[in-house]
Amino acid sequence: MAVSDEQYDPQALQEKWQARWEALDPFRASEDPDDPRPRKYLLDMFPYPSGDLHMGHGEVFAIADVIARYWFQRGYNVLHPIGWDSFGLPAENAAIRRNAHPAEWTYANIETQATSFRRYGISFDWSRRLHTSDPEYYRWNQWLFNRFFERGLAYRRGGLVNWCPQDQTVLANEQVVAGHCERCGAEVIRRELTQWYFKITDYADRLLDDMAEVQDGWPERVLTMQRNWIGRSEGADVRFRIEGRDEPVTVYTTRPDTLFGATFFVVAADAPLAEEICAPDHLDALIAYRAEVAKLSDIERLATDKEKTGVFLGRYAVNPVSGERIPVWAADYVLSDYGHGAIMAVPAHDQRDLDFALKFGLPVRVVVHTGLADPGESGVATPGEGTLVNSGPLDGLAKTEAITRIVEILRERGTGDAAVNFRLRDWLLSRQRFWGTPIPIIHCADCGEVPVPDDQLPVALPDLRGEALAPKGVSPLASATDWVNVDCPKCGGPARRDTDTMDTFVDSSWYFLRYCSPGDETAPFDVERLKRWGPIDQYVGGVEHAVLHLLYSRFFTKVLYDMGLVGFTEPFLRLLNQGQVINRGKAMSKSLGNGVDLGEQIDAFGVDAVRLTMIFAGPPEDDIDWADVSPAASQKFLARAFRVMAEAGAASAPGADPATGDTELRKVAHRTIDEVTRLVESHRFNVAVARMMELTSAARRAIDSGPGAADPAVREAAEALAVMLSLVAPYCAEEGWERLGHGPTIARAGWPVADPALLVQESVTCVVQVAGKVRDRLEVSPEISEDELRTLALASDKVRAHLDGDPRKVIVRAPKLVNIVP
RNA sequence: GCCCCCGUAGCCCAAUGGCAGAGGCAAACCCCUUAAAAGGGUUCCAGUGUGGGUUCGAGUCCCACCGGGGGCACCA
């Protein structure tokens with residue numbers, strides 16, 4: 001055997017095996033309904049083609065591939081698809097800069113990433129590849145939009161919306177993070193615009209309640225974030241009469257028990273209601289106040305420490321239960337799009353109302369006795385529990401009883417009822433940009449909003465490029481006159497296409513359904529095939545989508561369920577959020593100059609070593625600081641493992657009876673198989689790798705100073721190692737598998753099975769403690785009884801030396817521990 | 001301000017309430033080698049952020065604090 005045969009040359013292995021794997025195509029999922037193998041659906045969040053793959057991709061896909069390859073080895077029919085989330089702004093911005101079409105940049109990047117994925121050795125079923133910017137894909141966005149429209153789940157309305165001045169488009173609430181655009185970071189402003197919405201609020205209750213289905217499969221923090229985002233609250237609607245106005249005004253409150261403590265009334269300054277209510281001689285003040293508020297950015301307006309502002313509207317509201325007259329104010333701390341855009345203010349028990357009352361000298365009346373200082377004097381509201389006072393029929397009641405009682409009273413009088421409110425707003429889906437799915441609506445002067453008939457889909461994007469795409473506040477599509485002007489599908493008269501495109505989160509809300517039947521030309525997905533594959537067994541991706549993509553996908557799934565197209569209500573049974581790859585304690589960035597290039601790492605250490613480093617660095621959820629890990633060390637380990645496989649392969653042929661091999665090594669191998677199996681199942685991949693390292697060392701010792709490379713136990717260990725290692729380092733494992741005399745591919749080798757007979761230990765070391773200190777160790781049978789062990793322990797000389805008479809207590813945990821309390 | 005997660009050798013990380021160390025990095029040394037690299041091996045290193053509590057027994061459970069990370073923050 002030549003030494004060079006045992007040398008581990010990652011680059012050579014990559015070249016050799018990548019081509020062979022592509023020919024063998026071992027990861028194609030079977031659609032044969034008679035395939036007896038149980039199915040598993042593993043999904044990675046599909047990439048946006050921003051350039052080549054980066055370190056973050058390297059981590060997610062390495063992690064997900066461990067799970068996918070494990071399932072393949074366990075004999076599942078695995079669906080592990082790949083596609084690209086290829087609509088979106090960066091392509092458009094690049095196209096403007098280069099005077100090109102967004103498709104050029106997009107599809108070039110997709111090819112680059114696809115090539116990198118193939119080299120990275122991920123176990124994809126490439127036959128299902130999709131790109132959301134293909135007309136064959138976005139056609140179905142439009143088809144789905146039409147279905148939503150028919151059901152009243154897609155509608156157009158005017159209102160204040162979030163506008164990103166940088167990207168020149170509106171944004172959904174979910175895409176505004178702390179007042180800034182989620183994508184570009186610019187400060188978001190409010191504009192009054194007529195836009196398309198999806199009625200996700202109709203599903204608020206189910207989005208909340210169905211979380212029970214994934215309670216055990218999703219990270220707690222993602223569930224918490226979604227719960228907070230949906231923001232369900234329970235309370236009551238209360239109708240107040242406004243003097244000088246026929247229509248009463250309804251307010252929502254979570255504390256109807258404090259109704260008697262309402263000392264003023266506030267409407268959102270920006271709501272139309274404010275001017276409707278406003279007394280004529282106060283209108284100038286309101287208009288002036290509105291102008292002041294409009295000058296503020298959202299950041300300033302929403303700052304919690306901002307001083308309260310407002311203006312009296314010259315009107316009084318009448319408390320429906322006490323009959324008390326209270327002044328009506330307009331203020332910007334009341335939001336026009338939550339509840340009814342108006343509140344009853346109870347300064348004693350709500351800090352915001354108290355701040356306002358103190359600023360404007362409004363009365364503060366305690367109606368819940370909490371035992372704390374009077375808020376009117378302390379300046380601190382008392383929102384907690386207590387006994388009702390100054391509240392007529394509620395006096396003496398505790399909070400929950402008072403709420404029940406007051407709701408009864410309101411109901412009897414017809415001035416209110418229990419109510420539920422959500423923080424969740426409808427999903428604004430229009431975008432004033434080009435590189436997205438055209439909204440398939442035609443506006444006709446006579447017929448109104450007319451959907452483009454299904455048989456005329458897709459409404460393809462017109463061919464615009466370069467300067468024509470520059471943001472100008474209205475969609476670039478508006479300038480494509482030939483495209484815009486069409487005949488109304490209903491009456492045939494002149495009409496105009498809607499010129500906005502859809503939020504690209506629409507694309508990703510159902511792509512996982514399309515993977516089951518990517519080429520389907522008659523439907524977005526094949527219902528029968530989806531029944532076999534769905535829902536997704538394991539989803540892997542970043543936590544940044546906790547309330548974006550994941551919430552929208554859950555919404556889509558529920559709508560499609562109601563349409564009878566999907567057989568499940570939750571799309572993702574288990575969710576794994578991988579950590580980030582950082583460098584020297586900080587996120588990689590150009591400005592910090594601490595970027596690490598995935599391609600360069602692979603060139604230097606090989607695909608397997610990079611993947612192994614990602615997996616071995618720590619738990620998958622944790623961030624990896626690339627400065628703390630060593631791909632060079634990973635490469636060394638792989639070389640070591642490779643030599644074990646190569647030497648075992650050279651010394652023996654397949655088929656030897658392992659039972660004739662060295663028992664000690666066999667025990668190590670089988671214990672490793674057993675543990676690695678459990679560790680992979682529980683996603684503790686870093687520990688699984690540590691076990692593989694131990695097995696490699698044990699095999700090394702067996703070859704060098706034990707029974708030798710030809711021993712069947714060495715072969716058995718090397719073969720098991722190869723298969724386990726193939727989850728993380730497929731090239732090294734495949735070559736090792738070949739050296740061990742097996743044909744390609746190791747992907748079909750099958751997971752090793754631990755022999756229970758080799759897992760039992762003949763003896764266990766039992767620790768004997770006296771008062772918690774170890775005083776003796778006994779070699780005992782694993783099956784020893786408690787009584788036997790107690791007798792044995794008490795008979796020990798070393799133990800007796802520390803005992804003074806009879807022990808008070810003896811705790812026996814057979815077979816591993818005895819603790820004697822003297 | 002409120003809520004959640006995490007603090008274990010110089011570093012990354014293990015440890016069903018039961019002997020604090022599985023694995024790796026770094027360091028030192030030995031073997032192999034003409035030499036170096038590669039390879040093989042040995043050794044060094046913390047009492048688990050701090051202070052209480054529960055328990056026969058706490059890194060693990062509870063409370064408070066300190067430090068780091070994350071989420072929410074006028075939603076009535």
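In what follows, every chain begins at residue 1, and chains take the letters A, B, ... in the order their sequences are listed. Both backbone and side-chain heavy atoms feed into the values below; hydrogens, waters and symmetry mates do not.
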Return the value, rounded to whole Å, for the distance between atom [atom1] of [X] and atom [atom2] of [N].
{"X": "A:Arg775", "N": "B:rG18", "atom1": "CZ", "atom2": "C1'", "answer": "16 Å"}
{"X": "A:Tyr338", "N": "B:rA73", "atom1": "OH", "atom2": "P", "answer": "13 Å"}
{"X": "A:Glu694", "N": "B:rA15", "atom1": "CD", "atom2": "P", "answer": "13 Å"}
{"X": "A:Arg808", "N": "B:rU55", "atom1": "CZ", "atom2": "P", "answer": "12 Å"}
{"X": "A:Arg678", "N": "B:rA22", "atom1": "CZ", "atom2": "P", "answer": "18 Å"}
{"X": "A:Phe685", "N": "B:rG23", "atom1": "CZ", "atom2": "C1'", "answer": "17 Å"}
{"X": "A:Arg255", "N": "B:rC74", "atom1": "CZ", "atom2": "P", "answer": "20 Å"}
{"X": "A:Glu234", "N": "B:rA76", "atom1": "CD", "atom2": "C1'", "answer": "15 Å"}

Does A:Lys798, at its NZ atom, have more than 12 non-hydrogen atoms belonging to other residues, nucleotides or ligands within less than 6.0 Å?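 Atom NZ in A:Lys798 is not packed in, count stays at 12 or less.
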
Could you tell me the Watson-Crick or G-U partner of [N], where both distances fall under 3.5 Å? Say none if there is no partner.
{"N": "B:rA27", "result": "B:rU43"}
{"N": "B:rC72", "result": "B:rG1"}
{"N": "B:rG67", "result": "B:rC6"}
{"N": "B:rG18", "result": "B:rC56"}

Toward the 5' end of RNA chain B, by each residue's nearest nucleotide, A:Arg701 or A:Arg423: A:Arg701

On RNA chain B, compare the nucleotides closest to A:Val547 and A:Asp350; which residue's is nearer the 5' end? A:Val547

What distance, rounded to whole Å, do you find between the two [atom1] atoms, one in [N] and one in [M]?
{"N": "B:rC45", "M": "B:rC12", "atom1": "C1'", "value": "15 Å"}
{"N": "B:rC32", "M": "B:rG18", "atom1": "P", "value": "45 Å"}
{"N": "B:rG39", "M": "B:rC25", "atom1": "P", "value": "10 Å"}
{"N": "B:rA15", "M": "B:rU48", "atom1": "C1'", "value": "11 Å"}
{"N": "B:rC4", "M": "B:rA73", "atom1": "C1'", "value": "15 Å"}
{"N": "B:rA58", "M": "B:rA20", "atom1": "P", "value": "10 Å"}
{"N": "B:rA64", "M": "B:rG71", "atom1": "C1'", "value": "23 Å"}
{"N": "B:rC61", "M": "B:rU16", "atom1": "C1'", "value": "14 Å"}

Applying ring-ring contact (aromatic ring centres under 6.0 Å, His included), name anything that partners A:Phe240, two or more places apart in sequence or on another chain.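 If we apply the ring-ring contact (aromatic ring centres under 6.0 Å, His included) test to A:Phe240, skipping adjacent residues, the hits are A:Phe265.
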
Under 4.0 Å between any heavy atoms, over every strand shown, what does [X] touch: base, sugar-phosphate, or nothing? Just pick one.
{"X": "A:Val334", "result": "base"}
{"X": "A:Asn686", "result": "sugar-phosphate"}
{"X": "A:Gln351", "result": "nothing"}
{"X": "A:Ser233", "result": "sugar-phosphate"}
{"X": "A:Val774", "result": "sugar-phosphate"}
{"X": "A:Arg227", "result": "nothing"}

In terms of side-chain heavy atoms of [X], which of [options] is nearest?
{"X": "A:Tyr252", "options": "B:rC56, B:rA76, B:rG71", "value": "B:rA76"}
{"X": "A:Met225", "options": "B:rG71, B:rA22, B:rG40", "value": "B:rG71"}
{"X": "A:Leu817", "options": "B:rC56, B:rG18, B:rG40", "value": "B:rG18"}
{"X": "A:Arg691", "options": "B:rA22, B:rG18, B:rG40", "value": "B:rA22"}
{"X": "A:Thr253", "options": "B:rC25, B:rA76, B:rG40", "value": "B:rA76"}
{"X": "A:Lys306", "options": "B:rC74, B:rG71, B:rG40", "value": "B:rC74"}
{"X": "A:Ile811", "options": "B:rG23, B:rG18, B:rA73", "value": "B:rG18"}
{"X": "A:Thr254", "options": "B:rA76, B:rG57, B:rA22", "value": "B:rA76"}
{"X": "A:Met693", "options": "B:rG23, B:rG18, B:rA76", "value": "B:rG23"}

Within the 3.5 Å criterion, strictly below it, is a donor on [X] or [Y] matched to an acceptor on the partner's side chain?
{"X": "A:Ser233", "Y": "A:Thr254", "value": "no"}
{"X": "A:His349", "Y": "A:Thr382", "value": "yes"}
{"X": "A:Trp626", "Y": "A:Gln601", "value": "yes"}
{"X": "A:Tyr333", "Y": "A:Thr309", "value": "no"}
{"X": "A:Ser796", "Y": "A:Asp776", "value": "yes"}

Pair A:Arg290 + A:Asp270: basic N to acidic O under 4.0 Å: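 Result for this pair is no, no salt bridge flagged.
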
Please determine if A:Arg227 and A:Glu220 form a salt bridge, counting it only when a charged side-chain N lies under 4.0 Å from a carboxylate O.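 Yes, charged N to carboxylate O under 4.0 Å.
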
Taking the inter-plane angle between the rings of A:Phe356 and A:Phe360 on a 0 to 90° scale, is it parallel (under 30°), tilted (30 to 60°) or perpendicular (over 60°)? tilted

So does [X] get a side-chain nitrogen or oxygen closer than 4.0 Å to the phosphate oxygens (OP1/OP2) of [N]?
{"X": "A:Arg684", "N": "B:rA15", "result": "yes"}
{"X": "A:Arg813", "N": "B:rU16", "result": "no"}
{"X": "A:Arg640", "N": "B:rG41", "result": "yes"}

Expected rows: protein N/O vs nucleotides 3-12 of chain B N/O, under 3.5 Å:
from   : atom 1 : to       : atom 2 : distance (Å)
B:rC12 : O2'    : A:Ala617 : O      : 3.0

Salt bridge (charged side-chain N to carboxylate O under 4.0 Å, His left out) contacts touching residues 690-708 of chain A (sequence neighbours left out): A:Glu647-A:Arg700, A:Glu675-A:Arg691, A:Arg691-A:Glu694, A:Arg700-A:Asp704

Under the rule syn = chi within 90° of 0, otherwise anti, which is B:rG59?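 Because its glycosidic torsion lies more than 90° from 0, B:rG59 adopts the anti conformation.
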
Under the 3.5 Å rule, do the base of B:rC19 and the side chain of A:Lys816 count as making a donor-acceptor pair?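 No such pair is found, so the answer is no.
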
